[in-house]
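Below, chain A is the first sequence line, B the second, and so on; all start at residue 1. The basis for the numbers below is simple: all heavy atoms, side chains too, and nothing from hydrogens, waters or symmetry mates.
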2 protein chains.
Amino acid sequence: MTARRSARGTLAGDAEEPPAAPVPEQATRPLRADAARNRQRILEAAEEVFARDGIAVPIDTVAERAGVGVGTLYRHFPTKEALFEAVVLRRLDELLAAVAEPADDATASFFAFLEQMGEQVALKHDLFDALAEAGVDLEARCAAKVGTLKEEVRALHGRAVAHGGVRADITADEVMGLVIGACSHAQAPGAVDDSTRRMVRVVCDGLRTDR
Amino acid sequence: MTARRSARGTLAGDAEEPPAAPVPEQATRPLRADAARNRQRILEAAEEVFARDGIAVPIDTVAERAGVGVGTLYRHFPTKEALFEAVVLRRLDELLAAVAEPADDATASFFAFLEQMGEQVALKHDLFDALAEAGVDLEARCAAKVGTLKEEVRALHGRAVAHGGVRADITADEVMGLVIGACSHAQAPGAVDDSTRRMVRVVCDGLRTDR
DNA sequence: TGACAAACGGAACGCAGGTTCCGTATAGTG
DNA sequence: CACTATACGGAACCTGCGTTCCGTTTGTCA
């Protein structure tokens with residue numbers, strides 16, 4: 001069940017890898033073996049469960065899925081939001097990586113990214129929640145990263161407009177809102193359904209100047 | 001702010017038989033004057049409050065706004081959902097009326113309706129919730145009316161496609177989903193913001209064959 | 001292997017929100 | 001004006017869920 005996650009190879013089970021730990025912490029002593037294992041399991045379970053049900057899912061579901069008690073979960077993540085953040089930050093990083101992917105021209109880059117974003121948002125309900133700000137106020141670090149993403153989209157959009165392929169009478173925020181909105185009804189598990197894909201395509205077509 | 005997607009009616013109690021009391025109001029004895037007045041106040045308050053906050057708003061908020069106690073509210077409406085239904089059914093009727101409004105041709109009718117729908121959905125968060133099925137299972141009568149609406153949109157869309165102004169490679173459900181999705185981020189109180197209107201316009205443009 | 005800090009699990013707590021209960025108030029009537 | 005069915009208000013109750021607490025288990029190290 002934890003399959004699709006490994007596609008990125010980004011973390012797997014080694015030491016701390018988030019670029020720069022949250023706080024400039026002084027000499028974190030290494031986790032005990034069982035603790036490290038559980039932490040990993042919790043993260044994997046959270047990724048699955050949050051993707052399927054969004055942030056609304058009860059924390060117990062994550063704990064159960066991970067095969068640990070809630071107490072253990074809270075030992076590793078001080079709040080539900082902290083766990084959510086841990087999951088979503090990674091998702092946002094993946095999206096940000098997609099921004100940089102090369103394409104034929106500015107317009108193509110723009111639409112390629114939007115499609116990618118649609119896929120991810122449709123597939124990961126937590127990402128939807130984070131971007132739609134449906135959950136309460138997301139943690140500062142999350143908000144910051146969302147801000148970065150918005151900035152990138154703004155740039156991407158700006159370039160595509162300059163290139164002449166995309167209408168200018170709309171903001172980058174609105175573009176994101178449209179794509180996210182089109183994914184509102186997406187089913188989470190498994191692959192992205194055709195319906196959602198079609199809806200994103202309509203949005204993209206609405207953004208084109210040519211066509 | 002508002003929970004939107006995660007909105008979840010709390011239906012406590014059991015999962016008993018649907019009494020299916022299709023009791024067509026038979027000679028209900030007239031309400032006492034104060035009761036009638038309160039019922040009216042509750043409905044008005046609910047319309048306001050649900051429009052602003054969607055179904056996620058606590059029932060106490062409605063009661064307070066109406067200037068009655070919760071007990072009174074429950075005397076008039078057996079559950080929160082029942083009250084919600086009472087409000088939304090009226091909204092749905094208004095939308096259905098808009099379907100019939102005359103326009104130049106099938107294509108124009110279609111887009112005029114979508115715009116109208118966008119306005120209403122953006123303005124009334126309860127309508128959004130009902131159409132996005134964010135709250136759990138909406139009452140049967142609500143679901144039925146939503147079904148009728150979908151049917152009408154299907155017809156409208158079919159005619160517009162036949163008329164040649166609208167692309168055919170999308171279903172009426174998806175069209176509705178797109179408009180609703182575009183309104184996801186709308187602020188409730190006051191008038192529809194330009195941003196939302198722009199987003200709906202992009203969706204409509206994406207649906208056009210010409211342009 | 002024994003000792004102990006670290007980690008575990010899950011019962012218990014607190015709060016929020018829907019729903020019920022019941023003592024009190026009042027409209028309507030004779 | 002008295003009487004009663006109707007209606008009222010809001011405290012109390014119940015459930016779901018996030019979080020905390022604490023007695024028990026276990027990894028690690030000497």
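At whole-Å resolution of the value, CG in Asp34(A) and C1' in dA5(C) are 12 Å apart. In this structure, CZ of Phe77(A) is placed 15 Å from C1' of dA7(C), rounded to the nearest angstrom. Whole-Å rounding puts the Asp60(A) CG to dC17(D) C1' distance at 7 Å.
Nucleic acid contact class of Val57(B) (heavy atoms, under 4.0 Å, all strands): sugar-phosphate only.
Toward the 5′ end of DNA chain C lies the nearest nucleotide of Tyr74(B), the other residue of the pair Ala33(B) and Tyr74(B) mapping further downstream. Take the nearest nucleotide of DNA chain C for Ala35(A) and for Gly71(B): the residue whose nucleotide is more 5' is Ala35(A).
Comparing atom distances between the Val70(A) side chain and each of dA7(D), dT19(C), dA11(C) picks out dA11(C) as nearest. With dC8(C), dT28(D), dG18(C) as the choices, the nucleotide that has an atom nearest any side-chain atom of Pro58(B) turns out to be dG18(C). Which of dA27(C), dG18(C), dC8(C) sits closest to the side chain of Arg75(A) comes down to dC8(C).
More than 12 heavy atoms of other residues, nucleotides or ligands sit less than 6.0 Å from atom CD of Glu119(A).
At the phosphate of dC8(C), OP1 or OP2 sits under 4.0 Å from a side-chain N or O atom of His76(A). Residue Thr72(B) places no side-chain N or O under 4.0 Å from the OP1 or OP2 atom of dA7(D). Between Asn38(A) and dC8(C) there is a side-chain N or O to OP1 or OP2 distance below 4.0 Å. Residue Arg29(B) has a polar side-chain atom (N or O) positioned under 4.0 Å from OP1 or OP2 of dT6(D).
Atom-to-atom distance recorded for Lys80(B):NZ and Phe50(B):CZ is 6.0 Å, nearest 0.5 angstrom.
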> Between Asp34(B) and Arg32(B), does a salt bridge (charged side-chain N to carboxylate O under 4.0 Å, His left out) hold up when you go through it step by step?
Replying inline: CA-CA 6 Å; Asp34(B) 54 346; Arg32(B) 225 168 71 174; 3.0 Å; yes
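Salt-bridge annotation for Glu115(B) and Arg201(B): absent, with no side-chain N of the basic residue lying under 4.0 Å from a carboxylate O of the acidic one.
For dA7(C), its base never sits under 3.5 Å from the side chain of Arg32(A) at any donor and acceptor pair.
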